[in-house]
Structure formats: C-alpha cells, structure tokens
Amino acid sequence: MKTRIAIFASGSGSNAQKLMEHFKRSDDAEIVLVLTNNPDAYVLQRADNFEIPTHVFNRDEFYRSEEIINLLERLDIDLIVLAGFLWLVPKTLIQKYPGRIINIHPALLPKYGGKGMYGDHVHNAVIAAGETEGGITIHYVNENYDEGEYIYQGRYRIEKDDNLEMVKFKGQNLEHTQFPKVIESVVKKLKK
Ligand code: GAR
C-alpha cells in the first residue's frame, strides 16, 4: 500500500510541485490531496495540472470544526506535509497525526523562525544580520511555529554582495532538491 500524503500550502507551491513530480513516479507514496487556506494560491493550479484533488478552507473550518480532520480521515491520509503553509496547525490535528506532520522552513532554525517569519521576511532578516551562511530546515511539527524535531538541515554560502533574489534562489534550490528526498526517507521509515 502506498503512503497517502496530503499537502498544505498557502502560496505559489513550488515545493508542492516538486513533491507532486517526485511522487508521481513513486511506488512508495502518492499525493492524494492539496489543501489551502488561500483561494488564490497558485498551488491550486499546480495540483490541477497533476489531477490531484484540492480543498480550500477558511479559519472557522480549520480552527473551530472537525471538517479538515474528517476529510483527512475519509481519504486515509497517512502523512501531512506543509509546503509553504502559513497558519499554525491546531492541536487537535497534531494529536491525530503524531509524528506525521512535516514542515519546511527557509532558514537554519532555531534562528529566523516563529510567527511572521516566512518567505522573504526570513531572507531579508538573514541578509540584514550579515549572515555568511543560509539554509533550510525540514522538521516535525508541534504546537508552536517552526519548532519540533529536526529531520534535515542544509546550508548554502551567502556572499558579501548577494541580494534578496540571490539568497532566495540558493534557498529554493536547496529546498527543491532536498524536500522530496527527505519526505521519501520519512515515508520509508514509516513503513518499517
Ligand atoms: C518556502 O520557501 C518554504 O520554506 C516557506 O515558504 C516558501 C513557500 O514557497 N515556508 C515558511 O516560511 C514556513 N514558515 P513555495 O510556495 O514556492 O513552495
């Protein structure tokens, strides 16, 4: 039986796309649902291109109802992957999926994490601090933003005159190559 993965994303979904490409060819796992809080998110188009069903939800549905959990259970979801998902995951969902929710963050946590630290905000803070090294963290999700046990951290060099675009590019490259591999390794571990 393939591991059944649901992706949560709030925006463009370039990482979600890499996961969809990777698991389209996999015997181990499949992406069965893409969920978003943002009806305008480009990730919806990307999911359509892969003929993967989508679900758009609002705050009430996510925080004050069981609808999302019911949907995930109805679809027999084994693993949840946050790929640029910007809302805090409610405790009830974490309790239903202990050790089975994974997030990607564009920095070397515990630095540059927490509420409001996402996307360009992170890269700008890294540049402003004069860091010579950037990185990404893939980690299990707990009840706080960007906390939870690390699964993988990867690094890249930041040169003196690297601007936002450059730092973002290096970070995204690392995310796009590593995220599918790391999720694949988690899938294999879950099967053991
Ligand atoms: C990614 O860089 C991801 O690490 C980040 O959002 C971006 C989404 O890009 N996540 C966070 O900042 C979570 N705190 P994408 O929509 O193109 O995959």
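The basis for the numbers below is simple: all heavy atoms, side chains too, and nothing from hydrogens, waters or symmetry mates. First listed ligand is number 1; within each ligand, the first listed atom is number 1.
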Problem - Pairs satisfying ring pair (Phe, Tyr, Trp, His ring centres under 6.0 Å), at least one member in residues 146-192, at least two apart - result: none
Handout entry: Aromatic centroids of Phe8 and Tyr97 separated by under 6.0 Å
Key = no
Practice task
Return the protein residues near ligand 1 (heavy atom under 4.0 Å from any of its atoms), ordered by chain and residue number.
Solution key: Ser12, Gly13, Ser14, Asn15, Gly84, Ile104, His105, Pro106, Met117, Tyr118, Gly119, Asp146, Glu175
Practice task
Would you kindly say whether Asn37 and Ser10 are connected by a side-chain donor-acceptor distance under 3.5 Å?
Solution key: yes
Exercise for the section: Would you check, one step at a time, whether the test side chain to side chain donor-acceptor pair (under 3.5 Å) holds for Arg46 with Ser12? Expected result: CA-CA 9 Å; Arg46 296 186 195 265; Ser12 161; 2.8 Å; yes
Completion exercise
Residues passing the side chain to side chain contact (heavy atoms under 4.5 Å, CB included) test with Glu184, sequence neighbours excluded, are His22, Phe23, Ser26, Asp28, Lys188
Practice task
For Asn163, check side chain to side chain contact (heavy atoms under 4.5 Å, CB included) against everything at least two apart and list the hits.
Solution key: Glu165, Met166
